[in-house]
Amino acid sequence: MAGGRLGDLGRYFPHARLSRARCPPRRLTLSSPEERTFPLMHALKVTRAEDFPEWYQAVVREADLAELSPTRGCMIIKPWGMGIWERLQGELDARIKASGHENYYFPLLIPMSFIAKEAEHVEGFAKEMAVVTHHRLKAFDGVMKPDPEAELAEPLIIRPTSETIIGDAFSRWIKSYRDLPLKLNQWANVMRWEMRTRMFLRTAEFLWQEGHTAHVDEADAMAETMLALEIYRSVSEDFLAMPVIAGEKPENERFPGAERTYSIEAMMQDGKALQAGTSHYLGTHFAEAQNIRYQDKEGGQTLAHTTSWGVSTRLIGGVIMTHGDDDGLRTPPTIAPRQIVIVPMLRGKPEDTQLLEYCVSLCAELSATSALGAPVRAFVDMKDARPADKRWDWVRRGAPLICEIGPRDAAGGQVSYLIRNALREGDKIKTHTLARAEFVREAPMLLEQMQRALFREAKARMDGAIRDDLKTFEDVAAYYGADEGAEFKGWARVQWAKPTGAALEEVGDRLKALKLTIRNAPLAQPASFGKCIFTGAQAVEEILIARAY
RNA sequence: CGGGGUGUAGCUCAGCCUGGUAGAGCAUUAGCUUUGGGAGCUAAGGGUCGCGAGUUCGAAUCCCGCCGCCCCGACCA
């Protein structure tokens, strides 16, 4: 029995190199005649269960998504990571344009005086601002330093977000109610001097999209705020296969200067929440600070109501922690830069030519099909490397379908392939085989099925890990306080009286002691409420509480 | 910014306690063998031991300072 297992491993890894770099610490004990131990191999050297943060770092590195740059807190995004971002960008851009927005580009550098206008906004960002003060370098004893004679009259800040410089433009562009609504978007990089950075999740510089709009009144601006939130929910779930819960942030978690902030929250595989997108109704705060007024139909000067909303490369971190497994990333087919990768089992012999021809024509055939509303992205990996190494590279990157075509496949007109989201059967790698024509016909469906399966799996995990049976703060404390940090803890959906000010601060402190935060008040609320878990008073709202990134 | 850990070859790490002139595996290069799957054998190349100052005849190793990275905390649109 166990000997049979060794045989299986032998079949799939006949030349397995048992390097430390590739072996997990766990070992399978197998009783072969010699009582040997054989490692259970997976493509990453850390598993999620052993060390989730380490595992996350390993996926970013091993899936070749990005690496650290010489600049502190900033990253070099590599083609597989950038390709994912470009797919996401394309989808979002299309939806943003389809909902009546136009793209603009505003400058990276913002006059420092601009940031001083909205008091709360200033305070929220002041501590993490990068400032440009000089326009020239000069050598002092061979060391380049900013030239003291080249100091800027007014320092510039590197945008941490563009509310202020866009608000300035709004104040000039908006004269009449006929100019409203003004709905714009920009794709940009922004910089926030973060204390502690983490690849994709919180980097000093990141890529994002920021929407900024101005409206005649609150109702119109609120409709816009909710529209953006719905775009984010839909893109997360339908495109990234990442289930989220959309809701309103509590007062203490609002964007600096916002009247109301909404978010989508996604559950990572360690049970923590990730704020994956935000949408803000800014009221007239920025309009007041920056004099954004229009002449209304009655001829009076009226303040515009503005919104802003954004999602960033952080979403890629969310995808990793939603869909990754111990073999690397499982890239949802919608965003996989390459959906079907064909690895020819080249042997450095004359028949390689025919094998390559077979692979190239298969690739062309696959590329002529469509899946998930777009042409299938197929690719033949002709890199001069060992086929087995190429296979594992694509497994770690999470190419949805990995075809391994040997001479016998070519001769027999068939395709052997791996399905990335169902890579293993037990401890073994599961190889499928289909006749070529059948595979070409099936492949788009396999991709679509994988997209649905990834979402279903993540959705089931999230839904199954939200407790709604915690009725008192003591219940919450007992659940999250036990087995400190060791065990998987999901979220809790609890009811509260929505305190404000100092009372809310006290709630925050009590949660903080358990390392918990309020994520949001989901849009879908029950019809009636019981008691507030914090005060015992009549509850008015249901909120999600969780540990968070 | 506070606490903890860590930094040695492209990668993963050993050596440090008890100072004596740099190691392993993988990767790379070359040759031979192998060929339905993360190959085997042989040989070769590759390191300012994070940076700086100090103790010492001699420092990867001991002392001091600084920096990067990771984790926890604080902070976080």
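Computed over heavy atoms, backbone and side chain alike; hydrogens, waters and symmetry mates excluded. Naming convention: chains lettered A, B, ... in sequence-line order (proteins, then strands); numbering from 1 in each chain.
- At a threshold of 4.0 Å, the pair A:D352-A:R347 does not count as salt-bridged, since none of the basic side-chain nitrogens sits closer than that to a carboxylate oxygen.
- When both distances must be under 3.5 Å, the Watson-Crick or G-U wobble mate of B:rG68 is B:rU6.
- Taking a pair to require two hydrogen-bonding distances under 3.5 Å in either a Watson-Crick or a G-U wobble arrangement, B:rA43 pairs with B:rU29.
- A:W309 comes within 4.0 angstrom of nothing in the nucleic acid, heavy atoms only.
- The interatomic distance linking A:R198 (CZ) with B:rC71 (P) rounds to 6 Å, in whole Å.
- B:rG25 and B:rG45: their P atoms are spaced 15 Å apart (whole Å).
- With a cut-off of 3.5 Å on both Watson-Crick or G-U wobble distances, the partner of B:rG23 is given as B:rC13.
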Q: Encode nucleotides 41-46 of chain B as B, S and - characters from 5' to 3', where the letter depends on protein heavy atoms closer than 4.0 Å: B to the base, S only to sugar-phosphate, - to neither.
A: ------
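- Regarding contacts with the backbone of B:rC76, every side-chain N or O of A:K249 stays at 4.0 angstrom or more from both OP1 and OP2.
- Taking the nucleotide of RNA chain B with the nearest heavy atom to each of A:G73 and A:R192, the more 5' of the two is matched to A:G73.
- Look at B:rC76: it lacks any Watson-Crick or wobble partner with both distances under 3.5 angstrom.
- Between A:F170 and A:H212, the distance from one ring center to the other does not fall under 6.0 angstrom.
- Within 4.0 Å of A:H280, counting heavy atoms only, lie sugar-phosphate atoms of the nucleic acid but no base atom.
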Q.
For A:W85 and A:W208: C-alpha separation, side-chain torsions, deciding distance, then whether ring-ring contact (aromatic ring centres under 6.0 Å, His included) applies.
A. CA-CA 10 Å; A:W85 177 243; A:W208 80 344; over 10 Å; no
